[in-house]
Protein chains: 2
Amino acid sequence: MKCKVSENPSIKEAYRLIEDGIRKRALVVILACCSASYEGRARSRLDAGERLIVIKPDGTFMVHQDRKVDPVNWQPPKSRSRAYIKRGSLYLESIRRDPEERLEVEIHEAHLVSYYLARDVHDLMVAGHENDMGDMIIMHPQLIEKGFRPVAREYAVASGFIDILGKDENGSLMIIELKSRKAGVSAVKQLKRYVDEFREDRVGVRGVLVAPSITHDAMEMLEEEGLEFREIEPPRELRSNRGVTLDNFL
Amino acid sequence: MKCKVSENPSIKEAYRLIEDGIRKRALVVILACCSASYEGRARSRLDAGERLIVIKPDGTFMVHQDRKVDPVNWQPPKSRSRAYIKRGSLYLESIRRDPEERLEVEIHEAHLVSYYLARDVHDLMVAGHENDMGDMIIMHPQLIEKGFRPVAREYAVASGFIDILGKDENGSLMIIELKSRKAGVSAVKQLKRYVDEFREDRVGVRGVLVAPSITHDAMEMLEEEGLEFREIEPPRELRSNRGVTLDNFL
DNA sequence: CGCTTTATGTCGTAC
DNA sequence: GTACGACGTAAAGCG
């Protein structure tokens, strides 16, 4: 039996089913009218309403309202959850250590209590990150321009890390800043800081912002600063080669 | 009847219940073995496993694994979801416009399908954000130091917004950067950028980072740059006065 | 609507 | 274990 379900359970039934689910390391799913108090890095109070409560076998605890992607209250993996009855009311508690945080949910009326012995071995395969863009450019430098040669990746400078450092066909230094999404002003500022560090030493340093698109403000600032933009889409292949390094090409 | 539930439903039963729930703007909750494909800003594929699927009345769509707080796949509010049967299999689809994104979930076996006509009018009351810290400092400037007078809030400069601008008892300009959590190197860099903009014009500008704590590296950088740190905890009162402005004190 | 910043961000990863 | 940066960040606030 993968699943155990109880509709409109009594307080005691609900309590037993929830504790049973937690002990069996099941995915516990509750639909109930509840209120919640949280105290930890911040502090919050949520008055009564009908919500979805989830307790995961890894210790994750969530209270979801009927809106938004994010839970309204939650605790992260490794938190310790339990149910208890106090003065005739059913409570759920989830405690995290370091930082010390506590979430308490009072269940006023449970409409559905269930748990699910879920087996799930697969992880998400995803493509389209900044890192994948870097891999792609290292493997196909001509995407930047003909004659471009990458020299270093994640190159450390005072103000941070340069995504890709390279040279153009004339031997001028090129600083590549990658963004996998639309680039904003902050990306231009970041690139400018890197370029400024090098321009102090020598002239003829080129700064290139690489992204699938750019905001209007960012484009203006880029032109003012004498920097360049290359429109490149992040790669879409799932399971792209991880760990592409410059060694492959030196 | 707040709740409608079906255990181990047939494909057709599951389909009907899910479509019914979506149409009634209920919170739809499914426990099922499924796989998922996403294509939009990025691209992803998730192979079969037993998971929790939630469709909210605001259009939010989530697939939760048995671990982590974040959903493994999701669509934001206002997405359009539907169920359909194709070649004898049950699918869920959620589509978002702008950016165009599509999430498709194939349900291999439904263990529990339910929907919940949830009423929830209350919003979370929370305390302890950066904004509350700002309010507190405007109301009690001596928290920064004796003689400190705030002059402007969210003051716009080229590189962003200065949280609080003020003067010390000698009339020197003070730039206050607030962080409600432990401050890291990035907070110091941000403060430094603001201070640099003003130091170009005049000397004697002080930069103060205000946070409950600070990382070691950040503290070192702060001292190198001649900036200051004030250890202040964000306030914990729920429902603190919103909309405190400088007008109250000028 | 687009842009910017915050967050109990969460999560991975290098040190 | 701590610190740092990326994220399909999501969500709020402002022009």
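Reminder, nothing fancy here: chain letters follow the sequence lines and each chain counts from 1.
- The side chain to side chain contact (heavy atoms under 4.5 Å, CB included) check on B:Arg181 picks up A:Arg41, A:Ala42, B:Pro234, with sequence neighbours excluded.
- Atom-to-atom distance recorded for B:Gln75:CD and B:Glu101:CD is 5.5 Å, nearest 0.5 angstrom.
- In this structure, A:Tyr38 and B:Arg67 both approach DNA chain C, and ranking their closest nucleotides by distance from the 5' end singles out A:Tyr38.
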Give me the distances for all protein-to-nucleotides 1-5 of chain D N/O pairs that come in under 3.5 Å?
from	atom 1	to	atom 2	distance (Å)
D:dA3	OP2	B:Lys182	NZ	3.2
D:dC4	OP1	B:Asp217	OD2	3.0
D:dC4	OP2	B:Thr215	OG1	3.3

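- Qualifying salt bridge (charged side-chain N to carboxylate O under 4.0 Å, His left out) partners for B:Asp66, counting only residues two or more places apart in sequence or in other chains: none.
- Considering only residues two or more places apart in sequence or on other chains, A:Arg119 meets the salt bridge (charged side-chain N to carboxylate O under 4.0 Å, His left out) condition with none of them.
- Considering every non-hydrogen atom in both A:Trp74 and A:Leu103, the closest pair reads N-CD2, 3.8 Å.
- One atom, CD of A:Glu233, and another, P of D:dG8, lie 16 Å apart when rounded to the nearest Å.
- For B:Tyr155, the OH atom is loosely surrounded, since the number of other residues' heavy atoms within 6.0 Å does not exceed 12.
- For residues 210-223 of chain B, no pair satisfies salt bridge (Lys or Arg N to Asp or Glu O under 4.0 Å), with sequence neighbours left out.
- Listed by chain and residue number, B:Met136, B:His140, B:Ile232 satisfy the side chain to side chain contact (heavy atoms under 4.5 Å, CB included) test with B:Leu143 (two or more places apart in sequence, or in another chain).
- In this structure, A:Arg153 places its CZ atom 13 Å from P of C:dA14, rounding to the nearest Å.
- B:Glu154 comes within 4.0 angstrom of no nucleic acid atom, judged by non-hydrogen atoms across all strands.
- As rounded to the nearest Å, D:dG8 and D:dC4 have P atoms that lie 23 Å from one another.
- Here A:Arg181 lies in heavy-atom contact (under 4.0 Å) with sugar-phosphate atoms only.
- For B:Lys179, whose side chain is taken as the heavy atoms from C-beta onward, the closest listed nucleotide among C:dT8, D:dG8, C:dT6 is C:dT6.
- In this structure, B:Ile162 atom CD1 and C:dT5 atom C1' are separated by 15 Å, rounded to whole Å.
- Taking A:Ser81 as the reference, A:Ile22, A:Ile55, A:Phe61, A:Ser94 meet the side chain to side chain contact (heavy atoms under 4.5 Å, CB included) condition, with sequence neighbours excluded.
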Pairing of DNA chain D as dot-bracket, 5' to 3': ( ) intra-strand, [ ] crossing, | other strand, . unpaired, with Watson-Crick or G-U pairs under 3.5 Å? |||||||.|||||||
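- Whole-Å rounding puts the A:Gln65 CD to D:dA11 P distance at 11 Å.
- Straight-line distance between the P atoms of C:dT8 and C:dT4: roughly 22 Å, to the nearest whole Å.
- Atom CE of A:Met221 is separated from atom P of C:dC3 by 13 Å (rounded to the nearest Å).
- Look at A:His129 and you won't find any side-chain N or O under 4.0 angstrom from OP1 or OP2 of C:dG12.
- Along DNA chain C, the nucleotide closest to B:Gly128 and the one closest to A:Thr60 are compared, and the more 5′ of them pairs with B:Gly128.
- One atom, CZ of B:Arg97, and another, C1' of C:dC1, lie 18 Å apart when rounded to the nearest Å.
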Under 3.5 Å, sequence neighbours excluded: what are the donor-acceptor pairs made by side chains of residues 183-193 of chain A?
from	atom 1	to	atom 2	distance (Å)
A:Lys189	NZ	B:Ser159	O	3.0
A:Gln190	NE2	A:Tyr194	OH	3.2
A:Lys192	NZ	A:Asp196	OD2	2.6

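- Taking only side-chain nitrogens and oxygens, B:Arg41 comes nearer than 4.0 Å to OP1 or OP2 of D:dA10.
- With sequence neighbours excluded, no residue forms a salt bridge (charged side-chain N to carboxylate O under 4.0 Å, His left out) with B:Glu224.
- Qualifying side chain to side chain contact (heavy atoms under 4.5 Å, CB included) partners for A:Glu93, counting only residues two or more places apart in sequence or in other chains: A:Arg82, A:Tyr84, A:Ile95, A:Arg102.
- Of the candidates A:Leu165, A:Leu209, A:Ile162, A:Ile144, A:Ile144 is the only one forming a side chain to side chain contact (heavy atoms under 4.5 Å, CB included) with A:Ile176.
- Of the residues in residues 68-83 of chain A, those with a non-hydrogen atom less than 4.0 angstrom from any atom of DNA chain D are A:Lys68, A:Val69, A:Asp70.
- Between B:Leu178 atom CG and C:dA7 atom P there is a gap of 10 Å when expressed in whole angstrom units.
- Taking side-chain N and O atoms only, B:Ser180 has a distance below 4.0 Å to OP1 or OP2 of C:dA7.
- Distance CZ (A:Arg43) to C1' (C:dA7): 18 Å, rounded to an integer number of Å.
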